[in-house]
Novice: 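Have a look at this one before I ask anything.
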Protein chains: 2
Amino acid sequence: MKSLAQKTVTLKDIAKEVGISPSTVSRAINNEGRVSETTKRRISEAIKKLDYHPNIMARGLASKKTKSVGFVISKRRGRSLDRTSFYGKIIEGVEKEGRKYGYNPIFSVINEEERKSASLQIVKENRVDGLILAGCDIDKKLVLSLKERKIPLVLVDNHFDKEKISCVVTDNLNGAYEAVTYLISLGHKRIGFVAEMLSDLSFYERLQGYKLALKEAGLNYEENLVQESRDDIGYTATKKLLESQLPPSAIFAANDSAAIQAMRAIRKKRLRIPQDIAIVGFDNGEVAPYTNPPLTTVRVFTKEMGQIAMRMLIGIINNKNPLPVKNLMFTELVIRESCGGKLKRENFRPLTH
Amino acid sequence: MKSLAQKTVTLKDIAKEVGISPSTVSRAINNEGRVSETTKRRISEAIKKLDYHPNIMARGLASKKTKSVGFVISKRRGRSLDRTSFYGKIIEGVEKEGRKYGYNPIFSVINEEERKSASLQIVKENRVDGLILAGCDIDKKLVLSLKERKIPLVLVDNHFDKEKISCVVTDNLNGAYEAVTYLISLGHKRIGFVAEMLSDLSFYERLQGYKLALKEAGLNYEENLVQESRDDIGYTATKKLLESQLPPSAIFAANDSAAIQAMRAIRKKRLRIPQDIAIVGFDNGEVAPYTNPPLTTVRVFTKEMGQIAMRMLIGIINNKNPLPVKNLMFTELVIRESCGGKLKRENFRPLTH
DNA sequence: TTAGGATATGAAATCGCTTGCTCAAAAAAC
DNA sequence: GTTTTTTGAGCAAGCGATTTCATATCCTAA
């Protein structure tokens, strides 16, 4: 009826062109079984000549491999999809890496029905060879159900350590440690921590890094310097800090969004950044260079996370990765102007713990 | 070898269960040919009972339809992919709409080879039934080549009017008109226009809207109030405006990025926003609420553009859209604080041209 | 010289679904 | 009551690959 390709060139055509059987051509293409160098060459010449491209559908049907992977994200119930650019960067990496090996990512947002049934449409339909599940809103139940069915799986920006599923995550602990250490190196002794919510896994880990840095610098950890406010992403939390008896001279925000809200709260109090109070964020999102003043923050290598996740997934699909691996991505402190100090990264002390 | 589904239920199984031939089951599922209501019911019961899901690969092979579409973006040569969140929003809409009809989007970034050969891997491999090409970096050559091969096609945020290809684009003219009219309604008489480059189609259209608004308000169009600076996305352009004999009292930036650069230039000159100079952007990107002051800008309905594009594409694929259509998306002025005026949209005069 | 083992190739089944053709039975027309 | 349509369902041939098994050829070793 409606065919995309003008006049489809098939395996058979190549076989005919070379004067050989389709089986051999197939073997040559897939580099398996024995095919003499001579015929291999002639085949690849014919392929070029006729501009042949294997039909993915046919190949998929015969070999049970689709050469597609699902890139799956979830959105918080009720809310619209935030962190669009975060996911965008990840899938960019996924696509880039996948292309090298002939894999294509199918973009999918989990819907209510899939959440309930703990299964995914694209999996049921055999559309994909494996999945990349991105973001921390992915249900554990879903993940377990997929794992049980032996679907190749990689988590990005999420992990369930007990379940031993391959994942690639940001080294939140070190990232936070480095950020706070930086603040300390600028002379700050009272440093606040604000977050949207401490229950979120990433934010919790960042809090641990914060504690570690304080401890190592011999500073006391004060519980009331740590505040969260869910509804306004750290605005109220910051306000509380600023209005306390002994307000901090610096704030470490669990992410850039919280940092921005913190800045808003600080400005509201007519305090200056960084003169009166310094601030560091986390993520190095699109917004960071454009805040006023530009935000010093911890860079997360989003695109690279996507690439690595894809590479791992391909390994799993092809049984090359016998063991699940947790991949910790290093971070990088990006120094802008929200802490005043222009101290270069190289000059400040390295991780010691 | 490695199969995703545990024990694949096939059409045949359904047929056996009902005691009927596979052909009939297929017809029932696809709602074509004649099948009695009775057997239809029994079939759908069996489907539910055995949890059957058609195998996309097999279906694709037989019917030449993949039920996938390519979501294709390009990145400017050399540069990394900007506007991630823009594309993210679009594909979100594409996915949402596609899901209703069983279509999945395959995410793809055009690479150098594809650009050169004016063809796409996913098309050659018969992976997709059609394409959504997003962004204005898509080569015209590529588009024409695809069109010639009768690949169903929809452009998003881009159009080649002469080629009569279905597309969905922002109504840049009206959007700009509305923004500038708003500035005029606040009393501004000298309004500058800054852009990264005027050659860009969208920006050119916005310039036309700017001119229209001036004209309609009886204001003269002055060429030297329009400036572009490519390397710094409007920074130098703004600087030039501010240093001119008669600097403007307001600036309309061709997009949010330019607006941010303009703000930077304005701040550098120690001018206040909005007291000394007002500014309006275009896009309502992620950054807009977080600039200082928050940016008044023209909202573009990105996700909806994706939805509409997908709906159009599905129509084309199924021959339901006989004629190509250019879909103009209305915009909405989002009033924040960068113009000072808190004039509500409802109070200011409507489009009259 | 010949059996035995590599090595290269082919034939044919298969993957799961669609679809054109055929055909029987039921309904409608004559 | 026969002929013609209409309707519902089955047969079987693809779709374009992969893959198992068999086979032909060529070496090498006995």
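In what follows, chains carry the letters A, B, and so on, assigned in the order in which the sequence lines appear, proteins first and then strands, with residues in each chain numbered from 1.
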Novice: Which part of the nucleic acid, if any, lies within contact of B/I29, taking any heavy atom under 4.0 Å across all strands shown: a base, the sugar-phosphate backbone alone, or nothing?
Specialist: nothing
Novice: With side chains defined as the heavy atoms from C-beta onward, is the minimum distance between A/V154 and A/V69 less than 4.5 Å?
Specialist: no
Novice: B/S68 versus A/R127: any side-chain heavy-atom pair under 4.5 Å?
Specialist: yes
Novice: If you find the nucleotide of DNA chain D closest to B/P22 and the one closest to A/V25, which residue's nucleotide is nearer the 5' end?
Specialist: B/P22
Novice: Measure from CG on B/N31 to C1' on C/dT18 and round the result to the nearest Å.
Specialist: 15 Å
Novice: Between atom CG in B/N30 and atom P in C/dT19, what is the gap in whole Å?
Specialist: 7 Å
Novice: Tell me, do A/I110 and A/L120 make a side-chain contact under 4.5 Å, heavy atoms counted?
Specialist: yes
Novice: Between the side chain of B/S26 and the main-chain N/O of B/P22, is any donor-acceptor distance below 3.5 Å?
Specialist: no
Novice: As a test of understanding, state which of B/N158, B/D137, B/D139 forms a side-chain contact (heavy atoms from CB on, under 4.5 Å) with B/S74.
Specialist: B/D137
Novice: Below 4.5 Å, heavy atoms only, C-beta onward: do A/R149 and A/V123 meet side chain to side chain?
Specialist: yes
Novice: Does a side-chain N or O from B/S21 land closer than 4.0 Å to OP1 or OP2 of D/dG10, or not?
Specialist: yes
Novice: Have a look at the helix from C/dT1-D/dA30 to C/dC30-D/dG1 and give the angle its two end axes make, five pairs each, rounded to 10 degrees.
Specialist: 40°
Novice: Does any part of the side chain of B/K65, heavy atoms only, come nearer than 4.5 Å to the side chain of B/N318, both counted from C-beta?
Specialist: yes
Novice: Quick one: are B/V9 and B/D51 in side-chain contact, heavy atoms under 4.5 Å?
Specialist: no
Novice: Between C1' on C/dC17 and NZ on B/K67, what's the gap in Å once rounded to a whole number?
Specialist: 14 Å
Novice: For side chain to side chain donor-acceptor pair (under 3.5 Å), just list the numbers for B/T10 and B/T8, CA-CA rounded to whole Å, side-chain angles, deciding distance to a tenth of an Å, and then say yes or no.
Specialist: CA-CA 6 Å; B/T10 72; B/T8 325; over 6 Å; no
Novice: Could you state the CD1-P distance from B/I20 to D/dC11, rounded to the nearest angstrom?
Specialist: 11 Å
Novice: For the side chain of A/E97 and the backbone of A/G306, is there at least one donor-acceptor N/O pair under 3.5 Å apart?
Specialist: no
Novice: Is a salt bridge present between A/R99 and B/E113, judged by a nitrogen-to-oxygen distance below 4.0 Å?
Specialist: no
Novice: Do the ring planes of B/Y87 and B/F71 sit parallel (below 30°), tilted (30 to 60°) or perpendicular (above 60°)?
Specialist: perpendicular
Novice: Enumerate the protein-to-nucleotides 27-29 of chain D contacts in which both atoms are nitrogen or oxygen and the separation is below 3.5 Å.
Specialist:
none

Novice: Does any residue of residues 35-46 of chain B have a heavy atom under 4.0 Å from DNA chain C, and if so, which ones, in number order?
Specialist: none
Novice: Between B/E37 and B/K40, does at least one N-O distance fall below 4.0 Å, as a salt bridge requires?
Specialist: yes
Novice: Is any side-chain N or O of B/S26 closer than 4.0 Å to OP1 or OP2 of C/dT18?
Specialist: yes
Novice: Give one of base, sugar-phosphate or nothing for A/I56, where a contact means two heavy atoms less than 4.0 Å apart.
Specialist: nothing
Novice: Please list, for nucleotides 14-16 of chain C, all pairs of protein and nucleotide N/O atoms separated by less than 3.5 Å.
Specialist:
{"from": "C/dC15", "atom 1": "O3'", "to": "A/K64", "atom 2": "NZ", "distance (Å)": "2.9"}
{"from": "C/dC15", "atom 1": "O2", "to": "A/A62", "atom 2": "N", "distance (Å)": "3.4"}
{"from": "C/dG16", "atom 1": "OP1", "to": "A/K64", "atom 2": "NZ", "distance (Å)": "3.0"}
{"from": "C/dG16", "atom 1": "N2", "to": "B/A58", "atom 2": "O", "distance (Å)": "3.4"}

Novice: Are the side chain of A/N55 and the backbone of A/A58 linked by a donor-acceptor contact shorter than 3.5 Å?
Specialist: yes
Novice: List the residues meeting salt bridge (charged side-chain N to carboxylate O under 4.0 Å, His left out) with B/K141, not counting sequence neighbours, and say none if there are none.
Specialist: none
Novice: Find every protein N or O atom lying less than 3.5 Å from an N or O atom of nucleotides 20-25 of chain D, and list the pairs.
Specialist:
{"from": "D/dT20", "atom 1": "O4", "to": "A/R27", "atom 2": "NH1", "distance (Å)": "3.4"}

Novice: Are the charged groups of A/E125 and B/K67 less than 4.0 angstrom apart, N to O?
Specialist: no
